[in-house]
Amino acid sequence: MNTTYQVPAVLPTGRLEEKIGEFKPSFNPAGAVAEANRCLYCHDAPCSKACPTTIDIPEFIRKIATGNLRGAARTILSSNILGHSCARVCPVDVLCQGSCVYHNFQQPPIQIGRLQRYATDHALFYGMKFFQKGHSTGKQVAIVGAGPAGLACAHQLTLLGHEAVVFDASPYPGGLNVAGIAAYKMKSQAVLDEVHQIMEIGFTVRCNTMIGRDISVEELDKNFDAILFATGLGADSIPELEGVNLDGVTGAVALINRIKLDPNFTLDEVKNAIIIGGGNTAIDAVRELLQIGVHQVTMLYRRSIEEMSGYTHEWKAAREEGANVHWQTIPTAIHGIDNRVKQLHCIRVQGGSSPHVPDVVADSEFSLPADLVVFAVGQQRFRAFFTTLGIDFKAGKVQVNPNSGQTSNPRYFAAGDCVNGAKEVVNAVAEGRQAAFGIDQLLRTN
């Protein structure tokens with residue numbers, strides 16, 4: 001099968017994300033070496049144990065300290081082929097850096113994420129190649145979804161000698177990495193550059209190809225020896241509420257997508273934005289809007305700050321950047337003029353007998369001016385799609401063997417957000433790679 005690829009290499013200019021600066025700038029050479037030399041190279045490496053892809057962190061840091069950036073990048077990418085993007089987007093404060101032994105001494109932890117970025121930026125800039133396609137097994141695998149899980153699986157399968165073809169409905173490969181990661185963490189062009197580097201090993205990505213529209217699962221079944229579903233999650237969940245169809249009402253994932261990829265999208269008329277939700281996607285939307293220059297950005301969350309699922313350090317940064325917040329508050333209606341949102345009506349709530357149904361506080365109604373209302377309350381799941389295929393689907397997730405990614409259909413595998421319900425990019429990479437080994441075992445025994 002043809003392994004050449006025709007995916008965009010350069011994004012159009014004029015996108016709003018270009019106005020947003022980077023949250024974690026790269027090290028310069030002297031700073032990187034100085035930070036690397038702080039590492040104690042712990043023999044039990046709690047940082048590596050905290051990494052879902054188990055990168056040998058002390059080893060790559062040691063190589064940076066000795067000036068071996070090529071070796072550092074190889075160590076990282078051998079465990080996590082998307083180490084370039086993960087260096088930017090991983091919540092290192094709660095993973096590797098959060099496990100650094102320096103915390104035991106009340107000292108700042110090693111800046112592992114920035115060191116990882118330093119090494120992988122070097123490798124990407126100089127076009128370094130570390131991996132070669134394995135000896136052909138004659139087996140072909142279809143991968144549905146060109147996000148982190150799908151790309152990690154395709155790369156590992158190619159290393160193992162299988163032919164991988166990745167199908168994705170969007171015009172750009174990369175999944176949420178390219179379309180849904182807040183721009184202050186990572187720019188979409190950096191994602192495309194990384195994807196092209198990953199694809200150099202020799203697998204195919206077919207963009208603008210939707211399963212069920214352009215090609216059926218039955219065709220994939222006929223032409224491939226196994227299928228990995230790395231579909232991610234669906235569109236933003238928008239609650240049934242008066243006024244949700246007004247212009248200026250959107251989901252957070254859709255908003256971030258347009259900020260990152262649509263050169264014609266502007267927010268020039270937006271003075272007051274309200275984000276509804278308390279997770280990391282809500283905080284990403286808050287911070288992006290503030291950094292673009294929206295004057296007033298307010299987050300509404302139905303629970304308390306202690307119950308917020310978003311990372312505390314991210315919310316602290318949002319507050320420092322000027323975010324407003326109303327805790328224990330829910331929207332009741334959206335009103336507009338000439339079909340354009342102008343006001344959000346809200347009410348205070350408090351803990352009820354059920355955590356999902358809080359009690360309304362009497363006489364607590366109030367309204368907020370709003371030019372933009374953003375719902376960050378979750379994404380839809382592909383239950384009907386998977387159950388139609390006879391794949392077990394429970395609690396909003398595809399059910400798999402955690403050691404192999406295999407579903408209830410032996411020839412079908414799954415990884416990423418459709419399995420874990422929306423964890424981190426690094427989790428998707430780990431699951432995609434693990435599924436590749438599961439697929440390999442199936443193909444070599446049949």
Side-chain angles (χ1 to χ4, degrees), residues 233-256 270-290 294-381 383 394-397 421-422:
L233 301 180
D236 293 284
S237 296
I238 306 293
E240 294 182 4
L241 196 69
E242 178 187 349
V244 292
N245 294 319
L246 291 169
D247 291 341
V249 179
T250 184
V253 174
L255 173 71
I256 294 172
V270 175
K271 301 295 187 292
N272 297 286
I274 300 174
I275 290 78
I276 300 164
N280 290 312
T281 302
I283 299 173
D284 282 349
V286 167
R287 296 188 66 187
E288 282 207 89
L289 291 171
L290 285 167
V294 175
H295 176 67
Q296 191 92 315
V297 181
T298 303
M299 189 174 82
L300 255 64
Y301 183 50
R302 64 193 178 99
R303 295 176 179 168
S304 66
I305 186 172
E306 293 79 14
E307 298 169 288
M308 179 177 66
S309 62
Y311 292 126
T312 302
H313 65 277
E314 293 277 7
W315 175 242
K316 180 181 178 181
R319 289 290 278 168
E320 291 172 350
E321 291 163 2
N324 302 307
V325 64
H326 288 281
W327 303 112
Q328 295 179 286
T329 302
I330 61 173
T332 57
I334 306 170
H335 289 172
I337 299 175
D338 296 330
N339 205 47
R340 179 80 197 181
V341 60
K342 289 297 178 184
Q343 199 172 57
L344 179 71
H345 296 277
C346 315
I347 195 166
R348 307 284 185 192
V349 295
Q350 59 188 7
S353 57
S354 167
H356 303 292
V357 186
D359 293 333
V360 171
V361 176
D363 301 321
S364 64
E365 299 90 345
F366 66 101
S367 299
L368 294 169
D371 308 298
L372 178 68
V373 175
V374 182
F375 285 95
V377 294
Q379 292 173 256
Q380 298 173 28
R381 310 301 169 104
R383 174 181 293 276
K394 299 175 183 176
K397 303 174 185 178

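Note that this is a predicted model, so its numbers are computed, not measured.
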Can you see which heavy atom on [X] is nearest to which on [Y], and at what distance?
X: I283; Y: G310; value: CD1-CA, 3.9 Å
X: R381; Y: G396; value: NH1-O, 3.1 Å
X: L233; Y: A422; value: CD1-CB, 3.7 Å
X: T281; Y: A376; value: C-CB, 4.4 Å
X: S309; Y: G279; value: OG-CA, 3.3 Å
X: G278; Y: M308; value: O-CG, 2.8 Å

Enter the distance from [X]:[atom1] to [Y]:[atom2] here, rounded to the nearest 0.5 Å.
X: E314; Y: R319; atom1: CD; atom2: CZ; answer: 15.5 Å
X: Q350; Y: Q328; atom1: CD; atom2: CD; answer: 7.5 Å
X: C346; Y: I334; atom1: SG; atom2: CD1; answer: 9.5 Å
X: L290; Y: Q296; atom1: CG; atom2: CD; answer: 9.5 Å
X: L300; Y: N324; atom1: CG; atom2: CG; answer: 10.5 Å
X: Q379; Y: I238; atom1: CD; atom2: CD1; answer: 10.5 Å

> Are L289 and L372 close enough, and set up right, to give a side-chain contact (heavy atoms from CB on, under 4.5 Å), and what steps lead you there?
Replying inline: CA-CA 10 Å; L289 291 171; L372 178 68; 4.1 Å; yes

>> List the residues meeting salt bridge (Lys or Arg N to Asp or Glu O under 4.0 Å) with E307, not counting sequence neighbours, and say none if there are none.
In response: none

> Do other residues, nucleotides or ligands put more than 12 heavy atoms under 6.0 Å from D363 CG?
Replying inline: no

> Between T329 and R302, is a side-chain contact (heavy atoms from CB on, under 4.5 Å) present by the stated rule, with each step listed?
Replying inline: CA-CA 5 Å; T329 302; R302 64 193 178 99; over 6 Å; no

> Going through the checks in order, is the side-chain contact (heavy atoms from CB on, under 4.5 Å) test met by L255 and E288?
Replying inline: CA-CA 10 Å; L255 173 71; E288 282 207 89; over 6 Å; no

> Does any non-hydrogen side-chain atom of V361 lie less than 4.5 Å from one of I347?
Replying inline: no

>> Is there a side-chain contact between D371 and K342 in this structure, where contact means two heavy atoms from C-beta onward sitting under 4.5 Å apart?
In response: yes

> For R287 and W315, what are the C-alpha separation, side-chain angles and deciding distance, and is it a side-chain contact (heavy atoms from CB on, under 4.5 Å)?
Replying inline: CA-CA 9 Å; R287 296 188 66 187; W315 175 242; over 6 Å; no

> Is there any side chain to side chain donor-acceptor pair (under 3.5 Å) pair reaching into residues 234-254, and which pairs are they, with sequence neighbours excluded?
Replying inline: E242-H335

> Quick one: which of L241, L368, V341 gives a side-chain contact (heavy atoms from CB on, under 4.5 Å) with V373?
Replying inline: V341

